[in-house]
Enquirer: 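Dumping the structure here so I can ask a few things about it.
Worth knowing before you read on, the calculation uses all heavy atoms, side chains too, and leaves out hydrogens, waters and symmetry mates. Just so we're clear, the structure is a prediction, and the values are computed from it rather than from any experiment.
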Amino acid sequence: MESKYSEQTLLYWKEIQRLKKTLGYDVDGSVPEQGELLMEIIKRIQLLPNQFFYINYTPKSHIIYVSPEVKENLGYDLEEFDYRRLLDIIHPDDQPIVLAGTNYYYPLGNFRVFKPFEFAVFFNYRVSRKNGIQKRVLRSSSPLLYDDSGKMIYHISVITDITEMQPSNRVHIWHSGLLGHIPTFPIESFYNNSVLSKREMDILFYLYEGLKSDQIADKLYISKHTVDTHRRKMLAKMNVENTGQLIRKSIKLQLIPQAPATSNF
């Protein structure tokens, strides 16, 4: 079926219809601002074979569109790749750093109104394909469109498979564009202080919320003894003496995750 949206684009008619439906009904019950302009931008994006992209509706951390190439690159069908899936595929050791980097850079997207692709943040980390095979990707995220008040309402992320280029177990995060005077995310602080495991990050969050060991154990379906063992290890890793110092240092290092994360920038 031909339409004005099929010209000079890799998107099929059914993909445009899917995007229109998402814009109209799946976000908040009404058509978000600049929906037509958004589609005009999307249809012009050209990708390499090892890439796919998604568009995030920032106010609700809701992926409104993911390009069909996600199937070839990560093995997921379009319907499977939502915001939760995006978080779940991140390697457990990399997830707390990626989330902290997201929370660090997200406010900068509202520093002022940027033109599409004028400012970008880059995340280099490990993910898992649907079949369990580990891959390394480069995620390039950029503000895309703003509302009339200057608040970012959409951002775009392009995912590139760089597994063959850079074998590594470390996360790398940096930015480029017009915010050169903004300090780079302090990622070395994570590695200098032994990054906490996924389970330890879960416990850290509940400690931050004021829960005690027995309450955390109930939340995570583990024993109180296991929680206490993790807590002792956390104090040693962070080189602190008590829970208060642990929480203060974790906040300073931006280790405290948001639940849910403020955005998937």
Enquirer: Compute whether any side-chain donor of one residue and acceptor of the other, for Thr58 and Asn56, lie under 3.5 angstrom apart.
Expert: no

Enquirer: Name all residues meeting the side-chain contact (heavy atoms from CB on, under 4.5 Å) criterion together with Val127; count only those two or more places apart in sequence or in a different chain, and write none if there are none.
Expert: Leu74, Ile89, Tyr125, Lys135, Val137

Enquirer: Describe, in one word, how the ring planes of Phe123 and Tyr105 are oriented to each other, choosing from parallel (under 30°), tilted (30 to 60°) and perpendicular (over 60°).
Expert: perpendicular

Enquirer: Any side-chain heavy atom of Leu246 sitting closer than 4.5 Å to one from Met234?
Expert: yes

Enquirer: Among pairs that include at least one residue of residues 118-131, which meet salt bridge (charged side-chain N to carboxylate O under 4.0 Å, His left out), considering only residues two or more places apart or in two chains?
Expert: Glu80-Lys130, Asp94-Arg126, Arg112-Glu118

Enquirer: Taking ring pair (Phe, Tyr, Trp, His ring centres under 6.0 Å) as the test, write out the residues that go with Phe122, two or more places apart.
Expert: Trp174

Enquirer: List the atom pairs, donor and acceptor, that lie under 3.5 Å between side-chain atoms in residues 217-225 and the rest of the protein, sequence neighbours left out.
Expert:
from	atom 1	to	atom 2	distance (Å)
Ser223	OG	Thr226	N	3.1
Ser223	OG	Thr226	OG1	2.8
Lys224	NZ	Asp228	OD2	2.9

Enquirer: I'd like to check Ile97 versus Ile173 (side-chain heavy atoms, cut-off strictly below 4.5 Å). Are they in contact?
Expert: yes

Enquirer: With sequence neighbours excluded, tell me which residues meet salt bridge (charged side-chain N to carboxylate O under 4.0 Å, His left out) with Arg199.
Expert: Asp202

Enquirer: Within the side chain of Asn110, is there an N or O that forms a donor-acceptor pair under 3.5 Å with the backbone of Met152?
Expert: yes

Enquirer: Looking at residues at least two apart in the chain, or sitting in another chain, which of them share a side-chain contact (heavy atoms from CB on, under 4.5 Å) with Thr243?
Expert: Leu207, Arg231, Ile247

Enquirer: According to side-chain hydrogen bond (donor to acceptor under 3.5 Å, both in side chains), who are the partners of Asn242, at least two apart in sequence or on a separate chain?
Expert: none

Enquirer: If hydrophobic clusters are built by linking Ile, Leu, Val, Met, Phe, Trp and Tyr wherever their side-chain heavy atoms come under 4.5 Å apart, do Tyr76 and Ile133 end up in the same one?
Expert: no

Enquirer: So do the side chains of Met238 and Ser250 get within less than 4.5 Å of each other, counting heavy atoms only?
Expert: yes

Enquirer: Under the salt bridge (charged side-chain N to carboxylate O under 4.0 Å, His left out) rule, collect the residues that match up with Glu209, sequence neighbours excluded.
Expert: none

Enquirer: Among residues at least two apart in sequence or on other chains, which ones pass side-chain hydrogen bond (donor to acceptor under 3.5 Å, both in side chains) with Gln51?
Expert: Thr160

Enquirer: So do His62 and Ile64 actually touch side chain to side chain, heavy atoms under 4.5 Å?
Expert: yes

Enquirer: So, using salt bridge (charged side-chain N to carboxylate O under 4.0 Å, His left out) as the criterion, who are the partners of Lys71 when residues are at least two apart?
Expert: Asp77

Enquirer: Given side chains that start at C-beta, do those of Val121 and Tyr104 come closer than 4.5 Å, heavy atoms only?
Expert: no

Enquirer: With a 4.5 Å limit on heavy-atom distance, are the side chains of Tyr154 and Ile41 in contact?
Expert: no

Enquirer: Which residues pass the side-chain contact (heavy atoms from CB on, under 4.5 Å) test with Pro59, sequence neighbours left out?
Expert: Tyr57, Ile153

Enquirer: For atom CD of Glu241, decide whether the heavy atoms of other residues, nucleotides or ligands shown that lie under 6.0 angstrom number more than 12.
Expert: no

Enquirer: Are any of the side-chain heavy atoms of Ser67 and Tyr54 separated by less than 4.5 Å?
Expert: no

Enquirer: I'd like to know whether the aromatic ring centres of Tyr65 and Phe53 sit less than 6.0 Å apart in this structure.
Expert: yes

Enquirer: What I want to check is whether the side chains of His155 and Ser141 have a donor and an acceptor closer together than 3.5 Å.
Expert: no

Enquirer: Taking ring pair (Phe, Tyr, Trp, His ring centres under 6.0 Å) as the test, write out the residues that go with Phe81, two or more places apart.
Expert: Phe52

Enquirer: Are any non-hydrogen side-chain atoms of Arg139 and Val98 less than 4.5 angstrom apart?
Expert: yes

